[in-house]
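Heads up, the thing below is written out as C-alpha cells.
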Amino acid sequence: MAHVGETTVIPRMTSNTTPSGIVSASSYNTTWNRYPWHAFINSNNSYWQSNSSNTGWIQYKFDNEKIIRKYTITPSDPRNAPKSWSFRGSNDGSDWTVLDSQINESTWEKNVKKEFEFQNVTPYTYYRISITAAAGGTSYPIQITYIEMMELVYDNKTLIHHNNEYKKYNNGWVSLSNTLTDQLFLTEGMDDASIIPESAWAELSGDIELCHWTDDPNKTEAQFTIETEPFTLEDEFAGQTIKIIEYTDNPNQTESRITLETEPFTLYDELGDEVDVLYYTDDPNKTSAELEINANYSPLDELDGDFEVVTWSDSDAPPLLHVEGVPFEQVVLPSSEQEIFGKLLSLILEENSNDSVGKLRVIMSFDGGRTWESNKYGKWLTIDHTNKDAIISHGMSPHDVSKLQEASFKGKGDKIRIGYLIADNIHLADGHTFLHNTKADVTSPTGTIKFSDVAFYILNTAATIQVEFAGNKLSGELSDDDLGKVQYKVSLNGNPYYPSSGHYTPLMNSPQAININISDRDILFGVYNTLRIDFQDAWGQQDYWETTFIGTYSGIMFMDENKNYLSNSFGEILKYLDFGVIIAGQTTLEQKVIVKNQIGYRVQNLLLEVVKEKLPEGVTIEMSRSNFPFIAEDPLLFNRFFNEDEEFEFYVRIVTELLAPPAPNGTFEIRAKADTV
C-alpha cells in the first residue's frame, strides 16, 4: 500500500536556491542574517526568523508537482515556535488550498521536531506554512530551525513468470511460488527490474512474462523497455511455413490480398542447384519431351578458386580467349572520411533498382574506419567488415538507409565513412547492380556567406558582448561582426536564470539587445554573487562574460544614520525610526535619514513627500535638509543630479498638536520620486 516517505524530499541547502526548488518567506531578520532557507539546513546555529513579528509565512517551490502528506517543524526555542498555523498547497503561487490546520499548539521542546500527517491525494508545486500566532505571544518573533516535507510514495513491484513459476533476481534467479498474490508482490517483488543483468536473462529460455503490481490509483498501464539484438522474421521463422489467417464478415469479399516486401530474388534462389522437371501430355503423337533452359551458366562456374586456361596451337596467330562473367561480390571501403558541416539529416542512395536483382549493402564508420556499424531497427550494431556474410545479413539496404533520420546520427560526430558491398545475381546475364551516387542532406548555419568576384569564402568572426550590471539590471548588446546569428543564456550563482530551462535563447540576428532585471528575491544579500552570460554564434563558437557583486537592494533606498536599511525593494518594512513616546503638543528631536540611489543609473530632481493620508489626527511630519538650523520643507526637493550610489542626508521630526487624540503605535510613510536623466 502507499506510504509517506520517511525522509524529506527537500534537498539540503547551502543558499536560497538549489537545482530542485526555491525558498521564500513573508519576511526575515536581515540584522542577524536569519534567511528563510536556513529553515532547511537542520543546524542549531542557523534558523529562519520572521522580521520582529509573531506571524508570517514560509514556502517551498518544487520544480515539479509532488503529493506531500507529512511535514515536521523543529523550533529553535519553544517561545518562538508557531502556535497556530495552516499548511497549504498551490500550483500557481496565488490560489491556495488548506491541507492541514493547527490551533493552540504549545507542547514544544527546544530543537525537538514534531510531525504532522494529513490526507492529501492532489499534487502541488508550492507548499506554504502560514503562521497566525507564536507560542510566546506578540513579543516573540517566529524562529524555526528545521522544516521537513515528506512525499506520498506508491509501491511498484515486478516479478518474472517463467516455466510456470514466479521468480525474482537477487544475485541469481530465486524461485518463489506457482501462485501469484498481492502479498507475494509486496514481500518478494523487485523495485527495479533493470537491475537484472544480460547474463541472467540469457539463462531463461522459452516464454517469459513480466508481471507488474502497483497501488497507484492513477496508473492504468505499465511500460517496459526491452533491448534485444536486431533480428528479422527470417531469423525467427527460418525453415517454417507461415500461414496468415484472416476473418471478415463482409459478404461481398471473396478473396484476400497480402503485400509482402522482400529482398529481390529469382527462381534459382528458391529452387537451389538441382531441379527435377516432370513433363506430362495427352498428345498420342508425342513420344519424347523437350526442355530448353536459357541460363547464365558456364562450366567454368563449377571451378572454385583461381584457375588457368592453357592452350596449344601450331599456328603463328596469337591465341585469343573471350570470357564473359559476372564479378564476384566485393566490399568497397573508402580510405578517407567525409566531414559533415552542420547536422546530418538523411542519406539517399540512388541505384538502378528496376533491373537489378543483385545485392547492395551499406555499412558506416564514424571513427576513421576502426569500427563499422549498421542501423536496421533503430539501433546501431557493430559489423565485421571483413566478413561478407555478416555484411549481407546485417548490412543496410538502400531502403534501410533511407529511413535513417537526424536522431539516428546524434552523438556520432562530424565525420563519416560509407562502405558498400555489391553483388550481382550469378543466374542473370542482364541487369547489373549499379550505385549511381550517394547524397547527404545536411543543415548548416547560414547568413555568414559572402561572394567576392569569382572567389567563394565562408567567413566567421567570434561574437562579442558589451554589457553592464548596475542596480540589479543587466543591459547591453550581443553582436557578431559578420552579422551572423547569435544566442545566449544567463546564470546566477551557478543556477540557470534566463532562460529558466538552462538552454540557449533561439538563434537571432545580431546585434541582439540584452535587458534583464535580476530579481532581488534571487540575489544572496551581503555576500558575493556571480552573474555569468554564456554566448555563441551560429557556428557554435563560444565565449562568456562574468562579474561578481555583493548582493544589495535596488531602487531609491532609505537608511538610518547607521546605514541600516529601513525598507527593501518590495516595500516591506525592515526597521522603524523609533521616536519613543510622544506627548501631545510636543515636538520631537530630529533623526537623520540617508537616501541612496541604488537604481543603477543617474537621476535628477529627487522629491521626498510625506503621505499625509496615513498620519494620525493632529500629527505633522516635518523634513529639513539640515538639523541646525531645522527648516521644514514640504515637499523636500533636491534640485540637482543624483548619481549612481550617491547618498543624500535629510532630517525628520514629529510635531503634535496639544489636543491631538492618542494614537498608539502610530506610523508615517515618506515616498521618494526622481526623474530619469
| said: I'd like to know whether I10 forms a side-chain contact (heavy atoms from CB on, under 4.5 Å) with V23, so could you lay out the CA-CA distance, the side-chain angles of the two residues, the decisive distance to 0.1 Å, and finally the verdict. | reply: CA-CA 10 Å; I10 303 176; V23 179; 5.9 Å; no
| Do E105 and K114 sit within salt-bridge range, that is, some charged N less than 4.0 Å from a carboxylate O? | yes
| Sidechain N-carboxylate O distance under 4.0 Å for E148, K113 | yes
| request: In sequence, state the C-alpha distance, the side-chain angles, and the governing distance for Y60 and Y127, and then conclude on ring pair (Phe, Tyr, Trp, His ring centres under 6.0 Å). | output: CA-CA 6 Å; Y60 192 92; Y127 286 93; 9.3 Å; no
| message | Within the 3.5 Å criterion, strictly below it, is a donor on S90 or D95 matched to an acceptor on the partner's side chain? | response | no
| query | Can E609 and K673 be counted as an ion pair, charged N to O under 4.0 angstrom? | reply | yes
| request: Considering only NZ, NE, NH1 and NH2 on the basic side and carboxylate oxygens on the acidic side, decide whether E647 and K563 come within less than 4.0 Å. | output: yes
| request: Begin from the C-alpha positions of Y553 and F525 and carry the test ring pair (Phe, Tyr, Trp, His ring centres under 6.0 Å) through to its verdict. | output: CA-CA 8 Å; Y553 297 111; F525 289 94; 4.5 Å; yes
| query | Going by an N to O cut-off under 4.0 Å, is there a salt bridge joining K157 and D191? | reply | yes
| Only one of L474, I516, I533 clears side chain to side chain contact (heavy atoms under 4.5 Å, CB included) with Y497; which? | I516
| field | Polar side-chain atom of E546 near backbone of D534 as donor-acceptor pair, under 3.5 Å | value | no
| request: Indicate yes or no: does E188 engage K168 in a salt bridge with an N to O separation below 4.0 Å. | output: yes
| message | Less than 3.5 Å apart, any donor N or O on the side chain of N472 or N517 sitting next to an acceptor on the other? | response | no
| query | Do N51 and N29 have side-chain atoms, one donor and one acceptor, less than 3.5 Å apart? | reply | no
| request: Classify the side-chain pair T72/E115 by whether it contains a donor and acceptor separated by less than 3.5 Å. | output: no
| query | Can any side-chain N or O of N515 pair as donor or acceptor with the backbone N or O of S475 at less than 3.5 Å? | reply | no
| query | Can you tell me if Y140 and N54 form a side-chain donor-acceptor pair at under 3.5 Å? | reply | no
| message | Please tell me whether Y565 and F558 form a close aromatic pair, meaning their ring centres lie under 6.0 Å apart. | response | no
| Within the side chain of R653, is there an N or O that forms a donor-acceptor pair under 3.5 Å with the backbone of T588? | no
| said: If we count only N and O atoms by modelled type, under 3.5 Å, do the side chains of R521 and S519 hold a donor and an acceptor together? | reply: no
| task | Measure centre to centre between the rings of F87 and Y71, then say whether the value is under 6.0 Å. | result | yes
| Salt bridge E561-K592, side-chain N to carboxylate O under 4.0 Å | no
| request: Please work out which of the three classes, parallel, tilted or perpendicular, describes the rings of W201 and W173, given edges at 30° and 60°. | output: perpendicular
| task | Given side-chain contact (heavy atoms from CB on, under 4.5 Å), test V652 with I670 step by step and report yes or no. | result | CA-CA 10 Å; V652 180; I670 299 176; 4.0 Å; yes
| Is a side-chain N or O of T132 found less than 3.5 angstrom from the main chain of S84, in a donor-acceptor match? | yes
| said: Using ring centroids (six-membered ring only for Trp), state whether F648 and F642 fall under 6.0 Å. | reply: yes
| request: Tell me, yes or no, whether the heavy-atom count around Y498 atom OH, taken from other residues, nucleotides or ligands under 6.0 Å, exceeds 12. | output: no
| message | I'd like to know if R671 pairs up with E669 as an ion pair, taking the criterion as any Lys NZ or Arg NE/NH1/NH2 lying under 4.0 Å from an Asp or Glu carboxylate oxygen. | response | yes
| Cation over ring face, R128 and W57, 6.0 Å, 45° | yes
| message | Is it the case that the ring center of Y166 lies less than 6.0 angstrom away from the ring center of H161? | response | yes
| field | Polar side chain donor-acceptor pair, D182 to W213, under 3.5 angstrom | value | yes
| query | Donor-acceptor pair, N597 side chain versus N643 backbone, under 3.5 Å? | reply | yes
| Could you go step by step and tell me if F549 and Y528 meet the ring pair (Phe, Tyr, Trp, His ring centres under 6.0 Å) rule? | CA-CA 5 Å; F549 63 94; Y528 279 101; 8.9 Å; no
